[in-house]
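Scroll down for the structure; my scribbles are underneath it.
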There are 2 protein chains.
Amino acid sequence: MLFKLAVDCIILAYDPGDNQLKVLLVQRENEPAKGQWALPGGFVDEPEDFAVTAARKLRQETGVTVPYLEQVRAYALTDPTVGQRLASVSYYALLEWAHYAPAADRTHLAQWFALPHVPALPFDHARKVQDAWQRVQEAARNRPVPFYLLPPKFPLNQLQRFYEALYQAPLDNRNFRKWVKGLPYVEALAELETNVSHRPSQLYQFKASAYAAFGQATRLTPY
Amino acid sequence: MLFKLAVDCIILAYDPGDNQLKVLLVQRENEPAKGQWALPGGFVDEPEDFAVTAARKLRQETGVTVPYLEQVRAYALTDPTVGQRLASVSYYALLEWAHYAPAADRTHLAQWFALPHVPALPFDHARKVQDAWQRVQEAARNRPVPFYLLPPKFPLNQLQRFYEALYQAPLDNRNFRKWVKGLPYVEALAELETNVSHRPSQLYQFKASAYAAFGQATRLTPY
DNA sequence: GCAAAAGTGTTCGCAATACACCCATGC
DNA sequence: GCATGGGTGTATTGCGAACACTTTTGC
């Protein structure tokens, strides 16, 4: 028994404009579900690792090049209208918001949607988005996820709002700052925001070098 | 491009005899890797969910019926000698040691191997075992994994040795017992071990009813 | 001077860790 | 009575949680 194999990409970015985690969707140009918003992806049609296929499809459809893709899981397509046997493997990627620069030769219209407000999605894409989101939440407990999603320099309150968006829960500002200051891989810069109509915030950055040693020892998520 | 899709099963059980987590392997009866120990599994050849296929293959090859299977992830088979495109999806299951009762009509010789000492495995099976083990370790942080692996009645020290086997790390006996006694879903029985040449241990059991409420709140893993 | 967001300390309770000896049984 | 594994308590420490006001800037 043979299968067509599809890959789906859940591209996530943190929009500092409205402090929301967003997922990139494309408008389908073919049946089924033509015209609807859906996850970018496509059928595996080259003898290469699925992640490579996923990155290529993503590049074609959205014009975005992502640095890496992390597998979420495989799904047996349950749609009873498809006669042929189908399976799909989904991947998530974390993208810095400012790096979103769709190439001109993309084949689909792409748009960001805030995670708690994604539109109704065809097939099992809604579930895939949920699964991926949950995986990122879990990943953030073991790895420095915000490193991939925040700009190189950021104020602490932005980091806090990122975590609030990721876990959809408010955090105590003082406890949060206390926690961050204990982290070995976040360092303060001697630089302030400018041109804001309120007290300017100090900027921070991630120290990539300090990551390697951690992951087990220090707590990576805020309270 | 079409794929043959395989499923692989990582069946885990806790052997109270030597206090080790073990994985069930079968001896391959066909090429490639004929005669070697490998994970039970096979090609998906029916239009059904992969997990169902996995359970059926498992039943055929080892004679074991497992209550459920949990997906680990999908793999693109990287073996360059296979001309045809192959993918595989692996599943793990947790089995109570005493429930291992292979049916007579099984097609392969099956044997348990202690997790830290699995033999060299063909294909990418070694990696699959490692991935599955890690997933079980993670699952134990959110779900009552020992419930599936220990007998209905067990002494506390057996539970401790299970956790020590799972995480390959020694635990402090007094702290462990203190922790267990705080769990709402482990209850002491008015029953003792018998016929042991030392002080008999008290038996405990899991209270299935108390699981539902937890998973987030109470810490599920020992120190 | 006012609006808007940044930044700052302390207290309390509990959970995590470390640690050494007595107990009950079979032989 | 001795070998074997089962069982017990306390003190310390550091982290998680709760909580309200002052500071700096642009306009």
Side-chain angles (χ1 to χ4, degrees), chain A residues 15-20 140-141 150-151 153-165 167 169-184 186-205 214 216-223, chain B residues 15-20 140-141 150-151 153-165 167 169-205 214-223:
Chain A
D15 182 354
D18 57 5
N19 300 310
Q20 293 205 282
R141 303 193 185 279
L150 288 189
K153 298 175 181 178
F154 53 88
L156 283 196
N157 284 336
Q158 190 169 103
L159 183 61
Q160 179 179 340
R161 286 188 214 101
F162 161 72
Y163 276 112
E164 290 175 334
Y167 293 112
L171 296 173
D172 180 274
N173 181 260
R174 281 177 287 190
N175 292 336
F176 180 80
R177 301 174 86 90
K178 211 188 315 171
W179 169 70
V180 170
K181 279 172 182 154
L183 295 179
V186 177
E187 57 185 1
L189 296 167
E191 202 171 335
L192 297 182
E193 254 186 337
T194 49
N195 283 342
V196 286
S197 73
H198 55 75
R199 177 172 175 176
S201 52
Q202 192 177 5
L203 296 179
Y204 289 74
Q205 69 180 2
F214 293 86
Q216 341 280 47
T218 312
R219 172 154 189 173
L220 284 171
T221 46
Y223 317 120
Chain B
D15 181 354
D18 57 5
N19 300 310
Q20 294 204 284
R141 304 194 186 281
L150 289 189
K153 300 176 180 180
F154 54 87
L156 283 194
N157 285 335
Q158 190 170 100
L159 183 61
Q160 179 179 340
R161 286 188 214 103
F162 161 73
Y163 276 112
E164 290 175 333
Y167 293 113
L171 296 173
D172 181 274
N173 182 259
R174 280 178 288 190
N175 293 337
F176 180 80
R177 302 175 85 88
K178 209 190 316 172
W179 169 71
V180 171
K181 279 169 184 158
L183 295 179
Y185 50 82
V186 177
E187 57 184 2
L189 296 167
E191 201 171 336
L192 297 181
E193 255 186 337
T194 49
N195 282 343
V196 287
S197 71
H198 55 76
R199 177 172 174 176
S201 51
Q202 193 177 3
L203 296 179
Y204 288 75
Q205 71 181 1
F214 293 86
Q216 341 282 45
T218 312
R219 172 158 189 171
L220 283 171
T221 48
Y223 315 121

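First the proteins, then the strands, lettered A, B, ... as listed; each starts at 1. Quick caveat, the model's predicted, so the values are computed rather than measured.
Nucleic acid contact class of A:Asp172 (heavy atoms, under 4.0 Å, all strands): base. B:Asn173 comes within 4.0 angstrom of a nucleotide base, judged by non-hydrogen atoms across all strands. Residue contacts for A:Glu193: at a heavy-atom cut-off of 4.0 Å it reaches no nucleic acid atom on any strand shown.
Where A:Lys178 and B:Leu192 meet DNA chain C, the nucleotide closest to each residue was compared, and A:Lys178 sits on the side nearer the 5' end. Each of A:Pro200 and B:Lys181 was assigned the nucleotide of DNA chain D with the nearest heavy atom; the assignment lying further toward the 5' end belongs to B:Lys181. Nearest-nucleotide positions on DNA chain D for A:His198 and A:Asn175 put A:Asn175 closer to the 5' end.
From the 5' end on, the contacts that DNA chain D makes with chain A at under 4.0 Å to a non-hydrogen atom open and close at D:dG16 to D:dG26.
The phosphate of C:dA6 has OP1 or OP2 within less than 4.0 Å of a side-chain N or O from A:Asn157.
Within the model, atoms NZ of A:Lys178 and CG of A:Asp172 stand 8.0 Å from one another, a figure rounded to the nearest 0.5 Å. Taking CD of B:Glu193 as the reference point, atom CD of B:Gln158 lies at 8.5 Å (rounded to 0.5 Å).
Judged by distance alone, with hydrogens and angles left aside, the side-chain atoms of B:Gln202 form a donor-acceptor pair with the main-chain N or O of B:Leu189 at under 3.5 Å.
The distance from atom CZ of A:Phe176 to atom C1' of C:dG9 is 18 Å, rounded to the nearest whole Å.
Judged as a side-chain contact (heavy atoms from CB on, under 4.5 Å), and not counting sequence neighbours, the contacts of A:Leu171 are A:Gln160, A:Tyr163, A:Glu164, A:Phe176, A:Pro222.
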